[in-house]
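Encoded as structure tokens, the structure appears first; notes follow it.
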2 protein chains.
Amino acid sequence: MSVSRSQQKENTRRAIISAALAQLSADKSFASLSLREVARESNIAPTSFYRHFKDMEELGLVLIDECGLALRQLMRKARKRFEKGGSVIVTSVITFMEFTELNPNIFRILFHERSGTTSALRAAVAREIQYFTVELQDYMVVKGFDTEAAYAQAEAMVAIVFNAGAESLDAEPDQREVISQRAITQLRYVAAGAKSLDLLV
Amino acid sequence: MSVSRSQQKENTRRAIISAALAQLSADKSFASLSLREVARESNIAPTSFYRHFKDMEELGLVLIDECGLALRQLMRKARKRFEKGGSVIVTSVITFMEFTELNPNIFRILFHERSGTTSALRAAVAREIQYFTVELQDYMVVKGFDTEAAYAQAEAMVAIVFNAGAESLDAEPDQREVISQRAITQLRYVAAGAKSLDLLV
DNA sequence: TAATTGAGCGTACGAGTGTACGCTCAATTG
DNA sequence: CAATTGAGCGTACACTCGTACGCTCAATTA
């Protein structure tokens with residue numbers, strides 16, 4: 001009945017990570033989360049935390065990684081959806097808004113730590129968003145934009161979508177549809193503007 | 001040589017407010033600022049703080065108000081500038097980027113508390129940004145857009161400008177120009193897109 | 001089987017927190 | 001001039017926090 005040692009360690013590690021994610025909410029940011037709180041929630045002694053992470057910052061980086069992973073999966077999902085037909089913009093916004101509704105805390109941690117107090121976390125979040133942006137940029141390049149115009153367009157779109165996501169976090173459920181529709185309109189402005197001002201050929 | 005009592009009280013109040021603002025930085029958010037730290041910096045006893053504010057949240061709301069005021073003054077400045085001629089978009093972006101460079105902490109508190117942990121502060125920041133957006137919306141309505149299209153356009157522009165401001169906070173000085181130029185490009189996309197898709201007449 | 005390893009625990013410490021309570025003493029009021 | 005008011009202070013208390021240290025005891029290794 002004995003459990004392998006490394007297996008057990010991995011279990012505890014996962015327990016810590018999910019304990020941390022579970023505690024994050026609208027009223028509890030990562031910065032306000034203490035090592036002891038995480039330890040309590042994962043049913044380990046405070047000092048045992050150090051067997052897995054050097055400090056809270058290291059845990060934070062892992063959390064951001066998890067969130068980034070979720071974001072990348074989201075992108076893949078959106079891509080699959082609109083490859084089956086339908087408007088790229090509409091599909092992307094719908095997919096993204098679904099995501100923020102189903103995993104508000106994952107989105108929250110990204111959005112909050114983006115302007116957070118720990119520069120390592122800020123950098124990590126910036127990297128994840130950059131990844132997201134570059135992916136979109138590539139798509140625009142294929143459509144015939146030069147790299148700079150494609151990046152500007154992609155960045156603007158990401159800013160708009162994230163802004164809508166943030167707005168929806170505090171909004172009443174019946175406002176979400178309005179927010180989505182507006183984001184779609186805004187993305188269309190960007191797409192149409194970029195096309196008329198900067199599309200080559 | 002005696003100083004009026006209410007005068008003295010107001011002085012201390014101002015001291016508390018500036019002490020708080022002075023302590024905020026890239027590494028110190030309002031949430032991580034303690035009552036005792038503020039008291040120390042303002043040269044009063046911790047308990048004297050309560051003679052002026054019910055708790056830190058009340059101070060936070062006042063700080064957001066101050067920042068909102070600064071933001072509104074900024075808008076007026078931009079307006080004056082471009083009424084003297086020149087591109088509205090270019091002037092606005094330049095004015096805004098000047099602001100974030102000269103008062104990084106004021107911008108930081110707004111940007112950070114927007115996704116913060118205290119719902120009252122989040123609401124207060126949202127209100128200030130909303131004010132900013134509506135002001136821009138009015139301008140678009142005058143240009144001939146209907147109210148909804150004008151709001152969508154204004155909101156997108158605010159999201160883009162704030163995004164650029166946030167980016168510039170962590171950027172090297174020589175990157176600021178690139179960020180500004182990109183923001184200008186992005187705003188032009190929105191303006192051109194909105195014009196071609198939604199402009200009446 | 002005997003020795004080693006290492007995850008997890010309990011204790012303990014110093015530092016920092018918010019705030020209750022009661023005092024002082026100068027400005028204000030009557 | 002006497003009484004009242006209230007900003008500011010010091011003390012004190014009951015927390016929470018991160019983490020240093022040394023132990024245990026099951027899984028692993030040799």
Side-chain angles (χ1 to χ4, degrees), chain A residues 1-25 27-63 112-113 116-121, chain B residues 1-25 27-63 112-113 116-121:
Chain A
M1 259 280 108
S2 71
V3 181
S4 109
R5 216 169 194 193
S6 57
Q7 180 61 260
Q8 180 53 46
K9 173 156 188 179
E10 183 56 21
N11 289 348
T12 306
R13 187 188 145 90
R14 294 303 317 171
I16 292 174
I17 293 174
S18 11
L21 277 176
Q23 303 216 356
L24 295 174
S25 71
D27 307 311
K28 192 98 202 153
S29 75
F30 179 73
S32 70
L33 189 60
S34 77
L35 183 153
R36 286 175 105 106
E37 280 175 306
V38 175
R40 264 196 300 276
E41 180 90 0
S42 11
N43 297 310
I44 59 169
T47 49
S48 300
F49 178 91
Y50 297 108
R51 299 286 181 203
H52 304 273
F53 302 99
K54 189 175 137 284
D55 51 25
M56 284 295 283
E57 180 174 321
E58 200 172 291
L59 172 60
L61 289 172
V62 171
L63 290 187
H112 189 246
E113 293 313 319
T117 238
T118 321
S119 76
L121 290 193
Chain B
M1 256 280 113
S2 74
V3 181
S4 112
R5 218 169 193 193
S6 57
Q7 180 60 261
Q8 180 52 45
K9 175 157 186 178
E10 183 57 20
N11 289 348
T12 307
R13 188 187 145 90
R14 294 305 316 172
I16 292 174
I17 293 174
S18 14
L21 278 176
Q23 303 215 356
L24 294 174
S25 70
D27 307 311
K28 192 97 202 155
S29 75
F30 178 73
S32 70
L33 189 60
S34 77
L35 183 154
R36 288 176 105 107
E37 280 176 306
V38 175
R40 264 196 299 277
E41 181 90 0
S42 10
N43 296 311
I44 59 168
T47 49
S48 299
F49 178 91
Y50 297 108
R51 300 285 182 202
H52 303 273
F53 303 98
K54 189 176 137 282
D55 51 26
M56 283 296 283
E57 182 174 321
E58 201 172 289
L59 172 59
L61 289 172
V62 172
L63 290 187
H112 187 81
E113 293 313 320
T117 238
T118 321
S119 75
L121 291 193

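Within every chain, numbering begins at 1; the chains are lettered A, B, ... in the order of the sequence lines, protein sequences first and strands thereafter.
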inquiry  = Return the CG to CZ distance between Leu21(B) and Arg14(B), rounded to the nearest 0.5 Å.
reply    =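 Answer for the CG-CZ pair, Leu21(B) versus Arg14(B), is 8.5 Å.
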task = Give, for atom CD of Gln23(B) and atom OG of Ser32(B), the distance between the pair rounded to the nearest 0.5 Å.
result = 9.5 Å
query = Has Arg40(A) got a side-chain N or O lying under 4.0 Å from the OP1 or OP2 atom of dC17(D)?
reply =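 Arg40(A) to dC17(D) OP1/OP2: side-chain N or O found under 4.0 Å.
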task = Identify whether any heavy atom of Arg13(A) sits under 4.0 Å from a base atom; if not, whether one sits that close to sugar-phosphate; answer base, sugar-phosphate or nothing.
result =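 No contact.
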message = Considering every strand and a 4.0 Å limit on heavy-atom distances, what is the contact class for Gln7(A): base, sugar-phosphate, or nothing?
response = nothing
Do [X] and [Y] have side-chain heavy atoms sitting under 4.5 Å apart?
{"X": "Glu58(B)", "Y": "His52(B)", "result": "no"}
{"X": "Phe49(A)", "Y": "Arg36(A)", "result": "no"}
{"X": "Glu37(A)", "Y": "Lys28(A)", "result": "yes"}

Roughly how many Å is it from [atom1] in [X] to [atom2] in [N], rounded to a whole number?
{"X": "Asn11(A)", "N": "dA7(C)", "atom1": "CG", "atom2": "P", "answer": "13 Å"}
{"X": "Glu41(B)", "N": "dG16(C)", "atom1": "CD", "atom2": "P", "answer": "16 Å"}
{"X": "Lys9(A)", "N": "dG6(C)", "atom1": "NZ", "atom2": "P", "answer": "9 Å"}
{"X": "Arg14(A)", "N": "dA7(C)", "atom1": "CZ", "atom2": "P", "answer": "17 Å"}
{"X": "Glu37(A)", "N": "dT16(D)", "atom1": "CD", "atom2": "P", "answer": "10 Å"}

request  = Grab the two heavy atoms, one from Leu63(A) and one from Leu24(A), that are nearest each other, plus how far apart they are.
outcome  = CD1-CD1, 4.3 Å
key: Nearest heavy-atom neighbours spanning Leu35(A) and Met56(A)   = CA-SD, 3.8 Å
inquiry  = Of the listed nucleotides (dG8(D), dC9(C), dT28(D)), which one gets closest to any side-chain atom of Thr12(B)?
reply    =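 The listed nucleotide nearest to Thr12(B)'s side chain is dG8(D).
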query = So which nucleotide from dT19(C), dT19(D), dC9(D) ends up closest to the side chain of Leu35(A)?
reply = dT19(D)
query = Of all of residues 47-58 of chain B, which get a heavy atom below 4.0 angstrom from DNA chain D, listed by number?
reply =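 Within residues 47-58 of chain B, the residues near DNA chain D are Thr47(B), Ser48(B), Arg51(B), His52(B).
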message = Let me spell it out: for each of Ile44(A) and Arg5(B), pick the nucleotide of DNA chain C with the closest heavy atom. Which residue's pick is nearer the 5' end?
response = Ile44(A)
ask   = Between the side-chain atoms of Arg36(A) and the base atoms of dT19(D), is any donor-acceptor pair under 3.5 Å?
value = yes
